[in-house]
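See structure below.
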Amino acid sequence: MRCPQSCALALSAFLVGQIVQGAEQPADLVVLNGKIVTVNPHSSIVEAAAVREGRFVAVGANSKVKKLVGDRTRVIDARGKTVVPGLIETHVHAIGVARDEAVQPFVQLSSIAEIQQWVRQQAQSTPKDEWIQIPRIDLTRLREGRLPTRSELDAATAEHPVVFNWQYGSRQIQVLNTAALRAAKITRDTPDPTGGKTKIVKDAQGEPTGVLENPGGLTSKFRQSKPVSDEAFLAALKAVHRAYNRIGITSVIERNSNVEGYRTYEKLKAAGELAVRATVTIGYGARNTAEEAEKFIRELPFRFGDGDDWVRVGPLKIFVDGGILYGTAYMREPYGPEANQFYGFTDPGHRGTVNFTAERIENMMRAAHRSGWQMCSHVTGDGGVDLVLDALERVNRDIPVKDRRYTLIHAYFPNATAIRRAAELGVCVDTQPAWYYKDGDALAKALGEDRLKHFIGLADWRKGGLKVAINSDHMHGIDPNKSLNPFNPFLAMYVAVTRRTESGRVIGPEQRVSREQALRMATIDAAYLSFDEKRKGSIEVGKLGDLVLLSDDLLTCDAERIKDIQPLATVVGGKVVHDALSR
Ligand SMILES: [Zn+2]
């Protein structure tokens, strides 16, 4: 199915600056007078490129490419501006974003005052018995760095039930205002439900503080989201994709979906309404034995790699540990007292949570690799990465895994041993620089500077020889900078290059990478994660005609401005999907 890398590289090197044979007919789209950063193996910069029938047919000098301009060719005069390959965003949850947006558009709130103001606004248009649900905020991104209190929520409305929900995986904490406690019939006399992890937190006088740990059935019936019609959902999904196009994204990996998610993308494609190429990751769930895992795979209606250049079946995904914004990432060493206080844990030996033993991970890996599936793991902490590598090494003794491109998702705390082991196993990394930007300041306080020096250590992984893709883990909202998580790829590249947090601090300057390396992590190296590096990720003859014309020169502009770069035009398969040229 896939030609060996060496042959493709030799071929593409030969074709640079050339026009592919038989391409004398006019092109559909031609870009002239550009500074086209091809990201080819020689890092060539050329003036012009042409796309016909969805693929680049010429890349090189103006004089050569101009010959392909016909009556119907769309010509973009780049006027010396920079053009890069279409950006590849290897970690989004666009389907989930769309479902939520169709119910209640996401708003980024950054302080308790902003929460109160938002609640007051909502109260004006919400019937009195309806619960107001505060949009998701992570404590690391809330100015106060703590949960709001019951009385702070009461100050915003005394009449509407309000709930602040802080949740990741199996850990959930809620804060209710007084009206919500009343509606849920939680009083000083309400006991904690027996046999579970649910806890109604009470103050010294025995009054509920409003904080509920793992509330489960206490509040779930009040928090049901409204049903969304197919029509509204698809409209929202298209809006999410348009937002991607506007910021230069031409391909995505849906990072935790299912058969239905895949069919959704197929449906959009069939209707001619798909504006980003999508690889769909399939949730593997928790299969304990190799037999259970094999059965799950057997029953899937497709195989890994099925599909086409628009919609393709991606890897199987498992969730190995929790998250670093919640103190549940599984670490090698205990979090320590400051972190425990920040996250609300009391066990001095607390190291986070892990969902699988290495043996169970191994069972799932064996089944996947035996049937030709790629696999990826959500694994945030260094302890979790050790577990995955233990399992992968054992599988590798019987089934060579090096070509399977096993992908570690997040993998926020690289260390020398893990890097060496991962490199030997051909492992790739899918990670999120904007988290360092948004959370680095708060995490440095909680986890200590030493740990933060390697947090999202792009240079660590890269120097070890691993392919690293930078992306966002986009989960809520539609604004590239004010979503959770911000999906502006220029912000990701800015952080990769400057290693600055939102407050401007630099923790671990040795993790900086060059601008070109950052661009590779968002294009050709990102393509590598889905075995797509011969199809896309660079501007070369024969590859998919995806490109972005930029407002500013990514390679030479002031570093502070990288995050503000705006696409003037985004092209997918030769079709302009975002056009700000005439503005
Ligand atoms: Zn994710």
Side-chain angles (χ1 to χ4, degrees), residues 137-142 144-149 164-175 192-204 206 208-216 319-361 377-390 408 410-418 435-436 438-457 501 505 507-508:
I137 313 168
D138 292 320
L139 292 195
T140 45
R141 298 181 191 178
L142 194 56
E144 290 81 359
R146 62 164 174 85
L147 299 165
T149 63
F164 178 95
N165 188 54
W166 191 52
Q167 180 176 19
Y168 189 80
S170 56
R171 187 174 193 227
Q172 185 177 25
I173 293 178
Q174 287 178 355
V175 185
D192 290 341
T194 46
K197 290 190 293 175
T198 306
K199 191 173 171 208
I200 301 166
V201 179
K202 292 176 183 163
D203 64 18
T209 62
V211 176
L212 305 177
E213 290 176 17
N214 305 306
F319 284 78
V320 171
D321 68 350
I324 197 59
L325 306 190
Y326 315 90
T328 51
Y330 185 61
M331 302 298 286
R332 281 181 169 184
E333 303 290 333
Y335 275 77
E338 285 89 1
N340 272 1
Q341 202 193 339
F342 177 76
Y343 295 116
F345 291 106
T346 49
D347 171 14
H350 174 70
R351 290 170 59 198
T353 52
V354 68
N355 301 327
F356 298 106
T357 59
E359 191 193 343
R360 286 171 64 199
I361 300 174
S377 300
H378 164 110
V379 58
T380 304
D382 45 9
V385 168
D386 289 346
L387 272 184
V388 172
L389 296 175
D390 289 347
L408 302 176
H410 306 303
Y412 284 162
F413 300 92
N415 59 74
T417 343
W435 290 42
Y436 169 87
K438 298 296 288 183
D439 308 309
D441 293 316
L443 290 177
K445 256 191 244 164
L447 298 171
E449 295 231 350
D450 273 354
R451 266 176 168 163
L452 261 286
K453 280 181 189 159
H454 297 276
F455 178 62
I456 311 192
T501 66
R505 272 181 84 189
I507 311 163

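By the ring pair (Phe, Tyr, Trp, His ring centres under 6.0 Å) test, Tyr412 pairs with His410, Trp435, Phe455, sequence neighbours left out.
Of the candidates Trp166, Tyr168, Tyr343, Phe164, Ile173 forms a side chain to side chain contact (heavy atoms under 4.5 Å, CB included) with just one, namely Trp166.
In terms of heavy-atom proximity, Leu452 sits nearest to Gly440 at CD1-O, 3.9 Å.
Atom CG of Asn214 sits about 9.0 Å away from atom CD of Gln167, to the nearest 0.5 Å. To the nearest 0.5 Å, atom CG of residue Leu325 and atom OG1 of residue Thr140 are 4.0 Å apart. Rounding to the nearest 0.5 angstrom, the gap separating the CG atom in Asp450 from the CD1 atom in Ile507 is 11.0 Å. Distance check, rounded to the nearest 0.5 Å: CG of Leu447 to CD1 of Ile324 gives 5.0 Å. Asn165 CG to Gln172 CD: the interatomic distance, rounded to the nearest 0.5 Å, is 4.5 Å.
Annotation: side chain of Arg451 is not in contact with side chain of Leu443 (no heavy-atom distance under 4.5 Å). You'll find the side chain of Val354 reaches within 4.5 Å of the side chain of Val320, heavy atoms only. Taking the side chain as every heavy atom from C-beta outward, Thr209 and Lys202 never approach each other to under 4.5 Å. Annotation: side chain of Arg141 is in contact with side chain of Asp439 (closest heavy-atom distance under 4.5 Å).
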Could you walk me through whether Leu147 and Leu139 pass side chain to side chain contact (heavy atoms under 4.5 Å, CB included), step by step? CA-CA 7 Å; Leu147 299 165; Leu139 292 195; 4.1 Å; yes
Worked check of side chain to side chain contact (heavy atoms under 4.5 Å, CB included) between Ile200 and Asp192: CA-CA 6 Å; Ile200 301 166; Asp192 290 341; 3.5 Å; yes
For Glu213 and Val201, run side chain to side chain contact (heavy atoms under 4.5 Å, CB included): C-alpha distance rounded to whole Å, both residues' side-chain angles, the deciding distance at 0.1 Å, then the answer. CA-CA 7 Å; Glu213 290 176 17; Val201 179; 3.9 Å; yes
Between Asp321 and His378, does the side chain to side chain contact (heavy atoms under 4.5 Å, CB included) criterion hold? Intermediate values first, please. CA-CA 7 Å; Asp321 68 350; His378 164 110; 3.5 Å; yes
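Of the possible donor and acceptor atoms, none in the side chain of Ser377 sits under 3.5 Å from a partner among the backbone N and O of Leu408. Of the possible donor and acceptor atoms, one in the side chain of Asn355 sits under 3.5 Å from a partner among the backbone N and O of Phe319.
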Pair up each side-chain donor or acceptor in residues 327-342 with any protein partner under 3.5 Å, not counting sequence neighbours, and list the distances.
from, atom 1, to, atom 2, distance (Å)
Thr328, OG1, Gly323, N, 2.8
Thr328, OG1, Gly323, O, 3.3
Tyr330, OH, Arg351, NH2, 3.4
Arg332, NE, Asp386, OD2, 2.7
Arg332, NH2, Asp386, OD1, 3.0
Arg332, NH2, Asp386, OD2, 3.3
Arg332, NH2, Asn415, OD1, 3.2
Tyr335, OH, Ala329, N, 3.0
Tyr335, OH, Ala329, O, 2.4
Asn340, ND2, Asp347, O, 2.8

